[in-house]
Amino acid sequence: MVEKREIVVLGGNLGGISIAHYLLKYTIPQLERLDKSVSYHITLVTPNTDIFFKIATPRAIINSKLIPQEKIWRPIADGFTKYSNEQFTLVQGLATGLNATARAVTVTSSGASIQSLTYHTLFISTGTTSASPLWTLHHDQTISSNAIALMHEKLPTAKTILVAGGGAVGVETAGELASEYKDAKITLLSGSTRLLGKAYLATAERAESYLKKTQKVEVVHNLRVEKSEVRGDAMVLTLSDGSTRTVDVYIDGTGGVPNSQFLPSSWLDTDKRVETSDASNRVRGDGSVEEAKNVYVIGDIVAKSDASLMALNCHVPVAASSFAVDIAGAGKAPGVLRKLLGSSSSLPVQKAYKQAMPNTFVVPIGREGGVGQIMGYRMPSIMVKMAKGNSYFLEMIDPILTGSKW
Ligand SMILES: Cc1cc2nc3c(=O)[nH]c(=O)nc-3n(C[C@H](O)[C@H](O)[C@H](O)COP(=O)(O)OP(=O)(O)OC[C@H]3O[C@@H](n4cnc5c(N)ncnc54)[C@H](O)[C@@H]3O)c2cc1C
Ligand SMILES: *[C@@H]1O[C@H](CO)[C@@H](O)[C@H](O)[C@H]1NC(C)=O
């Protein structure tokens, strides 16, 4: 008899899809070769049916032609056709509870049907939810696609546009708007004393002067939107200095909250992200080993992670190696032996997370250039355009969806 073990992956976007592919392609075959009495099955649980390539939304919101919605939404199921039902199942639903003792996740699907999925191994990649559905999924994916379509409708005739949030999303969005809508007056509120809080000040200052050069964008610091109200065709905003401002379009580009409400609070840090016990993506749990055994976390929901695809791409092989080591033990067959037996028979190797490209930011501002830093060095505008500004990384969606990137 072959023992079947269930791996539940929570969150089906950039992280969840990536880890599922990585496990199916490398880790599970390796473990099944090492111990033929056990086989593994993955259930990917997520409320969206399509992958959402959110990285491209600052340009995709501009109009329906620059980056059509078909290019940023693709059915998740299409990425897993090569796997059988014995290997992989996609469940459309939202994790709404978790019993760590019973090792079970409560999953709520539309129509309020509720099921309990027990897991042998759990991967959490539920990311964050931004205030606006333009940047992250808000459960039902039509909320995001409709929000993007509404921008296509409103922006062409807008005379005044206010973007809140001085991070990469706000800066990129203001730059895209200035590139396309020459007659609109665009205001960008940084919400703090500067733009791009995570980048070097010099990079932030270059971004600000780049935006100024467009002569379309006014950057305002130390002012936030406290309240927004629809009034007729316009938006009335109440600002943190008590003033009000009426604009044709308001775009909220401020950050998000971690999707960790369904997890035990003892697993979370003060920012509500999931704490790890080591640099290899193992979940700490409440401190007892048993509770968080074989539970791993990747992506934006990881405590202290820099919430980027670059970081996520490092988490994936590391978390998979932790899972493999926790099952089969760590080790490395000596070189000669490995050649004889083939690498397939070697034991898993533990990998540890190391930031691949620290101090790297690539922020296009419109279609002609932008600002960036690579490993702390200044990135020339033309390189920003070539690296991200031309395509907004759209060439990445297919390799992520099908797993061919791994
Ligand atoms: C506009 C924009 C531009 C970006 N540009 C860059 C860039 O240039 N370079 C870079 O490195 N990074 C960039 N990023 C960051 C990058 O997109 C994220 O780091 C990455 O998407 C993180 O993946 P994730 O799987 O952790 O989260 P997400 O991709 O957000 O996926 C989370 C998934 O979990 C699902 N989910 C949520 N709650 C639950 C639940 N309770 N149960 C089940 N499923 C749930 C969601 O529906 C979603 O499918 C950008 C992000 C944005 C928004
Ligand atoms: C969690 O599961 C355990 C073991 O099955 C059970 O005793 C306990 O009541 C459950 N907790 C909750 C809150 O349902």
Side-chain angles (χ1 to χ4, degrees), residues 8-20 43-61 72 76 91-109 116-118 123-130 132-141 143-144 165 167-173 176 198 251 253-264 273-274 291 297-302 305-316 355-357 360-364 370 372 384 387-389 391-393 396-397 400:
V8 172
V9 177
L10 300 178
N13 205 37
L14 304 190
I17 290 171
S18 293
I19 191 73
T43 301
L44 176 59
V45 177
T46 200
N48 46 303
T49 58
D50 288 19
I51 187 174
F52 176 34
F53 196 72
K54 53 204 258 188
I55 292 175
T57 44
R59 184 166 292 166
I61 64 171
I72 56 171
I76 298 170
V91 168
Q92 192 183 357
L94 192 71
T96 49
L98 184 139
N99 184 331
T101 320
R103 301 186 74 77
V105 189
T106 310
V107 175
T108 307
S109 300
S116 172
L117 290 179
T118 48
F123 285 88
I124 303 163
S125 186
T126 47
T128 59
T129 295
S130 55
S132 162
L134 293 172
W135 326 113
T136 65
L137 287 146
H138 279 205
H139 304 174
D140 177 351
Q141 68 188 44
I143 296 171
S144 293
V169 172
V171 171
E172 288 180 357
T173 301
E176 289 299 314
K198 294 188 209 161
I251 298 177
T254 58
V257 290
N259 296 316
S260 58
Q261 300 81 350
F262 65 97
L263 292 170
R273 288 173 202 264
V274 181
E291 182 180 77
V297 62
I298 61 169
D300 290 3
I301 188 96
V302 177
S305 94
D306 29 87
S308 69
L309 180 60
M310 274 186 300
L312 168 65
N313 284 339
C314 302
H315 291 158
V316 169
Q355 216 177 346
M357 300 244 278
T360 299
F361 293 91
V362 190
V363 183
V384 173
K388 181 172 176 186
S391 70
Y392 261 86
F393 294 149
M396 293 182 182
I397 187 171
I400 293 173

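Atoms within each ligand, like the ligands themselves, are counted from 1 in listed order. Each residue takes its place number in the sequence, starting with 1.
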Are I76 and N48 close enough, and set up right, to give a side-chain contact (heavy atoms from CB on, under 4.5 Å), and what steps lead you there?
-> CA-CA 9 Å; I76 298 170; N48 46 303; 3.8 Å; yes
Can you tell me the protein heavy atom closest to atom 9 (O) of ligand 2 and the distance?
-> N99 ND2, 4.8 Å
Identified side chain to side chain donor-acceptor pair (under 3.5 Å) counterpart of N259 within the set T126, T136, D300, T129 | T129
Please check if a non-hydrogen protein atom sits closer than 4.0 Å to atom 5 (O) of ligand 2.
-> yes
Return yes when T136 approaches ligand 1 closer than 4.0 angstrom through a heavy atom, no otherwise.
-> no
Derivation and outcome, side-chain contact (heavy atoms from CB on, under 4.5 Å), residues L117 and T43 = CA-CA 9 Å; L117 290 179; T43 301; 4.0 Å; yes
Report the part of T57 (side chain from C-beta onward, or backbone N, CA, C, O) that has a heavy atom under 4.0 Å from ligand 1; answer both or neither where that applies.
-> side chain
Quick one: does T101 get an N or O within less than 3.5 Å of an N or O on ligand 2?
-> no
Could you walk me through whether Q141 and F52 pass side-chain contact (heavy atoms from CB on, under 4.5 Å), step by step?
-> CA-CA 8 Å; Q141 68 188 44; F52 176 34; over 6 Å; no
Which atom pair, heavy atoms only, marks the closest approach of P133 to S144?
-> O-OG, 2.7 Å
Interfacing atoms of ligand 1 (cut-off 4.0 Å, heavy-atom, L137) | 47 (O), 48 (C), 49 (O)
Give a yes/no verdict on whether any heavy atom in F393 is under 4.0 Å from an atom of ligand 1.
-> yes
Within less than 4.0 angstrom of ligand 1, does I301 place any heavy atom?
-> no
